[in-house]
Amino acid sequence: MQALFDEFPIILGAFWLTVRLTLASGLVALVLGTILAGMRVSPLPVLRGIGTTYVNVLRNTPLTLVIVFCGLGLGLVLDVSFSESLSTNYLWLSIIGLSAYTAAFVCEAIRAGINTVPVGQAEAARAIGLTFGQNLRLIVLPQAFRAVIAPLGSILIALTKNTTIAAAIGVGEASLTMKTLFEAHGDAVIQIFAGFALGFLILTLPTGLLFGWLAKRLAVVR
């Protein structure tokens with residue numbers, strides 16, 4: 001237990017990095033996933049094909065491979081750089097990987113929400129002259145988002161846990177810090193593990209409760 005108190009500032013910094021990874025990746029994934037969902041229900045076959053291909057490829061690719069590709073493929077081979085600092089650069093590359101992967105799941109959740117909107121509403125919108133984009137933005141998506149608040153919360157919780165994969169390219173989030181502390185305090189492995197498990201529980205449990213409450217509060221009454 002003493003090891004946890006001694007290393008508390010480092011542990012706190014690691015979890016703060018996990019929170020930053022989660023929030024940044026979640027925001028990008030939400031935007032990208034919404035665009036992909038719009039493409040998947042688009043009347044244009046080309047857009048539907050691109051959206052379907054993206055979702056099927058990313059959902060069936062292990063996240064570890066996605067993160068390693070971003071770190072090695074983009075970072076080293078293609079020399080994609082966001083900062084002169086190596087750690088900051090790998091942080092942003094991790095955000096790209098996590099966002100790209102999570103967006104596929106966000107897309108499917110939102111598409112499921114779109115399917116809950118009565119067809120008659122979309123037809124009525126077209127009848128009064130709204131374009132596909134206006135129909136999607138003004139009529140369909142507001143209802144779709146309210147219908148899938150709980151699934152989006154589950155995706156955010158999964159994203160929080162998936163940030164541990166960023167350790168594969170050396171991002172010093174919680175899991176990598178835990179491994180380092182294991183090596184430095186071999187006699188306190190159980191205490192360190194329990195402390196980090198509790199930390200993730202503190203991050204994920206309130207998220208589930210909040211999104212569950214929002215889902216009930218903002219549910220669409222049909």
Side-chain angles (χ1 to χ4, degrees), residues 11-41 51 54-67 70 90-117 136 140-169 171-178 195-220:
I11 296 173
L12 193 62
F15 273 107
W16 172 235
L17 184 56
T18 295
V19 171
R20 289 162 56 196
L21 271 172
T22 301
L23 293 179
S25 302
L27 180 60
V28 176
L30 180 62
V31 174
L32 180 56
T34 303
I35 294 173
L36 288 169
M39 293 172 66
R40 293 212 64 184
V41 299
Y54 180 97
V55 169
N56 288 336
V57 170
L58 266 294
R59 283 205 309 171
N60 292 286
T61 301
L63 177 57
T64 303
L65 292 182
V66 176
I67 294 295
C70 290
Y90 277 122
L91 173 65
W92 282 107
L93 291 172
S94 297
I95 290 173
I96 290 175
L98 289 167
S99 302
Y101 180 81
T102 306
F105 295 89
V106 172
C107 167
E108 291 301 274
I110 295 175
R111 189 166 72 96
I114 290 174
N115 291 334
T116 67
V117 179
L136 197 65
V140 177
L141 282 180
Q143 297 182 68
F145 276 115
R146 292 174 65 181
V148 296
I149 291 175
L152 289 177
S154 297
I155 292 172
L156 182 61
I157 290 173
L159 173 60
T160 303
K161 295 182 287 186
N162 284 342
T163 57
T164 58
I165 307 297
I169 58 173
V171 177
E173 44 67 62
S175 68
L176 184 61
T177 302
M178 182 177 67
F196 276 87
L198 178 62
F200 274 102
L201 186 64
I202 291 172
L203 291 181
T204 56
L205 185 59
T207 301
L209 295 175
L210 174 62
F211 276 82
W213 177 79
L214 288 175
K216 294 178 181 178
R217 182 74 173 81
L218 302 176
V220 178

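One-based numbering along the sequence shown.
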Next on the checklist: Under the rule for side chain to side chain contact (heavy atoms under 4.5 Å, CB included), what residues qualify as partners of I157, not counting sequence neighbours?
Outcome noted: K161, T204, T207
Item to check | Heavy-atom pair of closest approach, residues S94 and A166 | outcome: OG-CB, 3.7 Å
Checklist outcome for this item: Tightest non-hydrogen contact, residues N60 and N56, listed as ND2-O, 2.6 Å
Item to check | Stepwise side-chain contact (heavy atoms from CB on, under 4.5 Å) test for F145 and L30 | outcome: CA-CA 11 Å; F145 276 115; L30 180 62; 3.9 Å; yes
Checklist entry - If you look at every heavy atom in I96 and C70, which pair is closest and at what distance? => result CG2-SG, 4.1 Å
Checklist entry - Given side chains that start at C-beta, do those of L17 and L91 come closer than 4.5 Å, heavy atoms only? => result yes
Next on the checklist: Applying side-chain hydrogen bond (donor to acceptor under 3.5 Å, both in side chains) as the test, list every pair that has at least one member in residues 21-38; sequence neighbours left out.
Outcome noted: none
Checklist entry - Do the side chains of I110 and L141 get nearer than 4.5 Å, heavy atoms only? => result yes
Checklist entry - What pairs of residues pass the salt bridge (Lys or Arg N to Asp or Glu O under 4.0 Å) test when at least one of them lies in residues 12-30, not counting sequence neighbours? => result none
Item to check | Heavy-atom side-chain proximity of Y101 to I67 below 4.5 angstrom | outcome: no
Checklist entry - Do the side chains of L32 and V106 get nearer than 4.5 Å, heavy atoms only? => result no
Item to check | Listed partners of V41 passing side chain to side chain contact (heavy atoms under 4.5 Å, CB included), at least two apart | outcome: R111, I114, F132, L136
Next on the checklist: Suppose we screen for side chain to side chain donor-acceptor pair (under 3.5 Å). Which residues come up paired with R40, at least two apart in sequence or across chains?
Outcome noted: T52, E108
Checklist entry - Considering only heavy atoms from C-beta outward, does the side chain of F200 approach that of T18 to under 4.5 Å? => result yes
Checklist entry - Any salt bridge (Lys or Arg N to Asp or Glu O under 4.0 Å) pairs touching residues 147-159, not counting sequence neighbours? => result none
Item to check | Separation of L203 CG from T160 OG1 (nearest 0.5 Å) | outcome: 6.5 Å
Item to check | Interatomic distance, L98 atom CG to L21 atom CG [nearest 0.5 angstrom] | outcome: 6.0 Å
